[in-house]
Every structure is written in C-alpha cells, then in structure tokens.
Amino acid sequence: MPQVEINALQPYTSPAAWLHEELGCWMHVPGTSKQEDRLPEWFKKKDTTPLHAVRIEDYAVIGDCETAALVSREGSIDWLCWPSFASSACFAALLGTANNGFWRIRPKGKILETRRRYRPQTMILETTFFTEEGEVCLVDFMPPRGKFSDVVRMVQGVRGKVEMHMDLVLRFDYGLTIPWVTMRDQELVAVAGPNLVVLRSSCADGPVAELRGEAMTTVSDFTLSKERQVCFTMSYGSSVEEVPRAIHLDHALRDTESFWTQWAAVNQYNGPYKDAVERSLMLLKTLTYKPTGGIVAAVTTSLPEGIGGERNWDYRYCWLRDTAFTLLVLLRAGYVEEAVGWRLWLLRAIAGSPDQLQTVYGICGERKLVEWDAAWLRGYEDSRPVRIGNAASEQFQLDVFGEVAVALSRMPEAEDDLRTSSVALQASLVDHLCHIWTEPDEGIWEVRGKRQHFVYSKVMAWVALDRAIKHYKKYDGSGDVKRWRKNRDMLHKEICRKGFSRKLNSFTQAYGSDALDASCLRLVIVGFLPPDDPRIIGTVDAIQKGLMRDGLVQRYDTSKTKDGLRGSEGTFLACSFWLVVALHLIGRQEEARVLFEKLLLLSNDVGLLSEEYDPVERRMLGNFPQALSHIALAHAAFALSGQWTPEPYTGSTT
C-alpha cells in the first residue's frame, strides 16, 4: 500500500525552518531586546484557543528512567520530553493550548466518575472511566527502555458498551513545530528535523482502531465492549535511523511490572507510612536518568509557584543539593546500586577545579544550561514566562559543599576508575572551602537579588568541614586537617554570633537580618547544635509563629526578602516536612506526627506531590512531581519511625 500524506506545510510558513534559521526570533534570552518586534506577522497573531491544562494535582506520571510523561485524569498526556527529561517537549499543552501538543484517550459521552491508581509497587497507571453506557480502564506505562523509548496506552472494556475517542496533536520543539506525517497500514510516522515518532494501533481480538488525519491532527473512534482491548503504542527514534520496530505489548507490560515490583521489594523502610514512602521512593527512581545516574528535580518546567506570576523555573536538571538528599534517602532504604550510580555521576560532573563547582548540572553533567523564554507558549494558566534552561547554574551557592560532603561521607565504596582520584577531589573541595566560606552567596533558594551571608549556607559550609574532619581517614592523608579544624571552629562561632537574633530568639535568614527562613529548621537535622539547645527550640518556635500559613510552612516572607522577583508564592512542602523532623528531634513527637499525617493528605489520589501548596485555594503549585518534596517526606517517615537519627554534635555550644 502506498504511503498517504496526512498533512503538509508550506516551506515559507514552517516553524521548524524559522527555528533553525532565526533562532533568536523564537527564544527570548533575558536582557535582550523585546522579541515580539522581531517575529513574523503570522506569529504575532494571538492564540485564542482555550488553555488546555487541568489542575496540577490532577496529573500522574509514567516514565522509563530516561524521560517521563504527565497524564491527566481526563486521559490526556499533556507533557512529554523526548528522548530525555531535558529534551524539547513533543506534548506541551501543559504550558499552553491544545495546539501545543497532547494525546488524549477518553469516552465520547459524559464521564460520571473517574478513578485512578498505580498498580501495586509499580509506575503502571490505571484510569477507570465510568459512564452511563458502561466502564472502561485505560492503562498507561513506559516500558524499561531498550534501544527506543515507548509509551503504551491499553484501553479495555470492563462493563457495557462505551464509545471512545482518541485525539493526537504532536508538536515538537515545545509545541512549536508541526511534523510531516505519513501513514501506512495503521502505522503513523511523524518527522521533524532529528525527531521521529511512530504511532501504531493494535487489537488482539478484533479490528484495530482506525487512525485518520483531521486538520493537522490524528484522531480515532472505536467502541469497547466488555473484555475487548484496543492498544496504542508511540515510539521515539532518530529520523536518520531505522523506524522503531513494533513491541510485543503483553511482554512489555509483564517486563514493566516485573521491573518495578523487583525494585520496590528492596525497600527496607519498616514503619507505619510504608505506602507513602514506597511511592516516594519509586518517584525518585522514575526521576533518575539511568544512563548516567543523575537525578532530575522534577519532570516539568515553569509550573508556577504563584498562579499568573513570574516565579516559573525549569527543574529538568540535576541539583547537587537535591541529588545528595536523594542519595541519603535511597541509602537509608537499602538502594546501594542507585547510590553508587549517583556517586559516579557526581564525580564526573564536579571533576576539575574546585572553584568551578556548580549548583546544578545537566543530566549528563553538562555545565551550560542557558536560560531563555519560550515566547510562543502562554504558560500554565497564563503564568509567564515559560523558561527553558536555568540560570541558577551560574550562581554561587555555598551550601552545596556541605550537602555533597555529607553524601560522599556515607557512600559505600565502589570499584571504579574514579575512586582513587575522588579522594583527592573531595580533599581539594574542602581545602577550597576554607578560602571561600567568608564570601556571600545566592543561598539555597537561589535568590535573584543581591548576594548575602545566608545562615544556612554558612551552616552547610561548617557541615562540610565537620564531616571531612570526622572522616579524615578516608582521605589517605590528603588535605590539611589542622586547617580544616581551625576553620570549622571559627565558622561555628561566627554563625552563632552573627546568625542568631536575640530579639527573635531564632537563627535568621542572613547575618544581621530580622527575616526568618525555614532552611534554619535543618540546623538541628545536620547536627549543628544539639536538639535541646535553647537556640534550636527558639528557632523552631519562631518559624512556627512567623512563617506558617494555614498550618503549612513558607520558605520565607517574600515581603521581607529581596529575592529579585515580584509576587508571592505558596507554602513550600519540603519545609513543612523539615518542621516535622525538627519537632520530633526536640521532643514534640505527637505534634510532629499530627503535622506529618496532615501533609500526607495533601498528596493527590496517586500519592504524588508538587513543589508547593496553596492552602487558601487548596491546590498544588510549582513543578510536578517534585523530588525534594518526596525526599523530605521519606526522610520524615524514617525519622518518625526511629530509623534515622542526626549526626551527633560533638563540639562546643558557645
């Protein structure tokens, strides 16, 4: 059968051509002239199509440990970057309109109820639709990746007879580029530049769901009766290589289920919150980029910290801080293989001069993460700009030295080519820290205002020195331990003198500041002072009084902190979990338990959390699903169950 062209583009209107020939017209690098003045007239035309995305909490995630997709309760995949987490999106309706790409499968008629769940101990998502005519179940998953990456969508009739409809709008380059599509024998192939996607329809016990083109989209209508199943598989490959072959769907489902259940069985958490901890750990595994061991902070970019605001960031990269936290949680749960993989990623990423240590890297250790604005996307609920890349890679954040030091100090030994050099590398980082801890930085929250002497940054510099001294035998004689000890003690005294406010009876955000900061909750967690120290108890009380909003914790008061941004944000979920741990450590265990269980109720119906939460509007905010929120959840559960205790403080408390 000859190939049939489903769509065609005139060369002079091709967005792909503009993207390659005049890239400056299509992306706005902050600080440049107004990009709208340079765009062609047809581009300036306002898109009046309604926004497509649903509430953040109405999404679930599926992934293959190299990339991931967000699936809504309506059966719509609204976000997918291919072939990796940090690649451009081929479905970007999450940040715009239907014209920016989505893939939806749902009943034609009115949906009376929708129920979702992950199959036990897996990332296989089941969405069950109830209609007047009957009931159908949509099963979504991404098999463990072989040569190609696949998204499998299996739709099965459960009861009655239900008419179904599929919509596919495939748009590469973050919703910008319409691919050239051809079809042969119900095999659709879409090509744009280096990208190739093939969609196949199949059915084991009857006719396949027929694919047809309509106005630059692909649709399909089919009917499901009890036990009849229709399947769709979408695979990604390179346009200069062979088209991905069809996969055996039953084998793919079995292999995916086996992969996840075997991984989940390793979990050593033994406490009352097993389901929540298990789901959090599986989410962290989903966010791990298998080829390198890097762990991304979230699947998405630019989901706003405040609806309609500008606090929108790209989290599809690897923060040293977040990945170090992840490593410690995975080690606590018994996942040594992932910890070793992360260690190798870290050593490759930070190898080189200590003064070039970055806060954030790409999934393969890339250092250049140029930040620009995707001007053609309207943003989630009109929250602009939509940022691609992250300028935080150019910031100086002192605290990462501490997080890396803690993680490496607890790493199991591994036989690898970098092991010998890693000892010298760690020692050189600590030596370098002795030169720079006196400098101001941008801090854990990556403020875009003036650098300050942030208290948490100084504390984590102290932690780096403290752990290096305690684990000095690992350094094979490298490093000046006498110098480390001198700097550690000097730093501790300075923090206690300059970072504590007698007026507030609390450690503050920065030296000489009267602003509170939830990161100071971590002082007791990292062992800077013992839990019964009055300054620790005073800090916990002050943060509860000054930074809690409707029972949840804000990072800081945006009206008192000059962070270089306009507007406000929601409460930061990780900070609330830090409060749980701090309360537990200072002896207020029942209060800690009550808060923890309240926080668990904020998870969506499949156990996932975003970065922030708006307690007034009762909705999630920020990028989703967020690694740091789930790291903090799992760590709090380990603390409450007695399976984790902080590093004991052994120095002077003066």
Side-chain angles (χ1 to χ4, degrees), residues 23-35 81 84-89 95 173-174 294-306 309-323 349-350 352-353 355-377 379-380 383-401 403-404 436 439-452 454 456-457 519 555-556 558 561-567 569 572 611-612 621-623 626-628:
L23 189 59
C25 287
W26 290 100
M27 67 183 197
H28 174 224
V29 178
T32 62
S33 60
K34 199 173 181 181
Q35 78 272 24
C81 299
S84 75
F85 294 110
S87 300
S88 64
L95 300 177
D173 301 314
Y174 298 104
I295 302 168
V296 297
V299 171
T300 57
T301 179
S302 298
L303 289 181
E305 296 172 4
E310 65 175 350
R311 297 170 183 265
N312 317 319
W313 315 108
D314 192 346
Y315 278 11
R316 299 169 300 146
Y317 305 110
C318 304
W319 271 254
L320 293 188
R321 178 187 308 110
D322 293 13
T323 50
I350 68 176
S353 177
D355 62 358
Q356 294 181 320
L357 182 73
Q358 292 187 184
T359 299
V360 56
Y361 296 83
I363 55 178
C364 295
E366 301 92 339
R367 291 173 174 263
K368 292 296 183 182
L369 307 177
V370 177
E371 184 176 302
W372 53 279
D373 302 344
W376 58 89
L377 289 171
Y380 181 85
S383 302
R384 299 183 71 182
V386 172
R387 291 185 171 95
I388 310 299
N390 201 304
S393 61
E394 302 172 9
Q395 288 188 343
F396 170 48
Q397 295 177 27
L398 188 62
D399 68 287
V400 298
F401 285 87
E403 279 106 18
V404 168
I436 64 170
E439 299 177 14
D441 73 331
E442 277 93 357
I444 183 175
W445 306 130
E446 301 174 352
V447 298
R448 300 207 170 186
K450 185 179 178 180
R451 287 184 177 181
Q452 301 182 58
F454 288 104
Y456 179 72
S457 296
S519 63
R555 293 189 292 183
Y556 52 83
T558 55
T561 298
K562 295 181 180 179
D563 59 10
L565 299 164
R566 296 177 302 232
E569 62 180 23
F572 202 79
E611 179 184 23
E612 299 187 2
L621 297 171
N623 283 306
Q626 176 74 7
L628 189 56

Which atom pair, heavy atoms only, marks the closest approach of [X] to [Y]?
| X | Y | result |
| --- | --- | --- |
| Ser383 | Pro304 | OG-CG, 3.4 Å |
| Ser457 | Gly443 | OG-CA, 3.6 Å |
| Thr301 | Ile388 | CG2-CD1, 4.1 Å |
| Gly362 | Cys318 | O-SG, 4.0 Å |
| Ala627 | Val296 | CB-O, 3.9 Å |

Answer yes or no: is there a donor N or O on one side and an acceptor on the other, between the side chain of [X] and the main chain of [Y], under 3.5 Å?
| X | Y | result |
| --- | --- | --- |
| Ser302 | Arg387 | yes |
| Arg367 | Gln356 | yes |
| Asp314 | Asn390 | no |
| Arg384 | Ala375 | yes |
| Glu366 | Cys364 | yes |
| Glu442 | Phe396 | yes |
| Gln358 | Val360 | yes |
| Glu371 | Ala391 | yes |
| Trp313 | Gly389 | no |
| Thr300 | Asn623 | no |

With the side chain counted from C-beta on, respond yes when [X] and [Y] share a heavy-atom pair under 4.5 Å apart, and no when they do not.
| X | Y | value |
| --- | --- | --- |
| Leu303 | Leu95 | yes |
| Glu305 | Asn312 | no |
| Arg451 | Gln395 | no |
| Ser84 | Ile363 | yes |
| Ser519 | Trp445 | yes |
| Ile444 | Phe454 | no |
| Gln626 | Tyr315 | yes |
| Phe85 | Tyr317 | no |

Working for side chain to side chain contact (heavy atoms under 4.5 Å, CB included), residues Leu369 and Tyr361: CA-CA 8 Å; Leu369 307 177; Tyr361 296 83; 5.6 Å; no

CG-CH2 distance between Asp173 and Trp376, expressed to the nearest 0.5 angstrom: 7.0 Å

Atom pair CD/CG of Glu611 and Leu621 - distance to nearest 0.5 Å: 9.0 Å

Check against side chain to side chain contact (heavy atoms under 4.5 Å, CB included), Arg316 and Val299: CA-CA 6 Å; Arg316 299 169 300 146; Val299 171; 5.9 Å; no

Verdict with supporting geometry, Leu320 and Leu357, side chain to side chain contact (heavy atoms under 4.5 Å, CB included): CA-CA 10 Å; Leu320 293 188; Leu357 182 73; 3.7 Å; yes

Trp319 and Gln397: CA distance, side-chain angles, deciding distance, side-chain hydrogen bond (donor to acceptor under 3.5 Å, both in side chains) verdict: CA-CA 11 Å; Trp319 271 254; Gln397 295 177 27; 5.4 Å; no

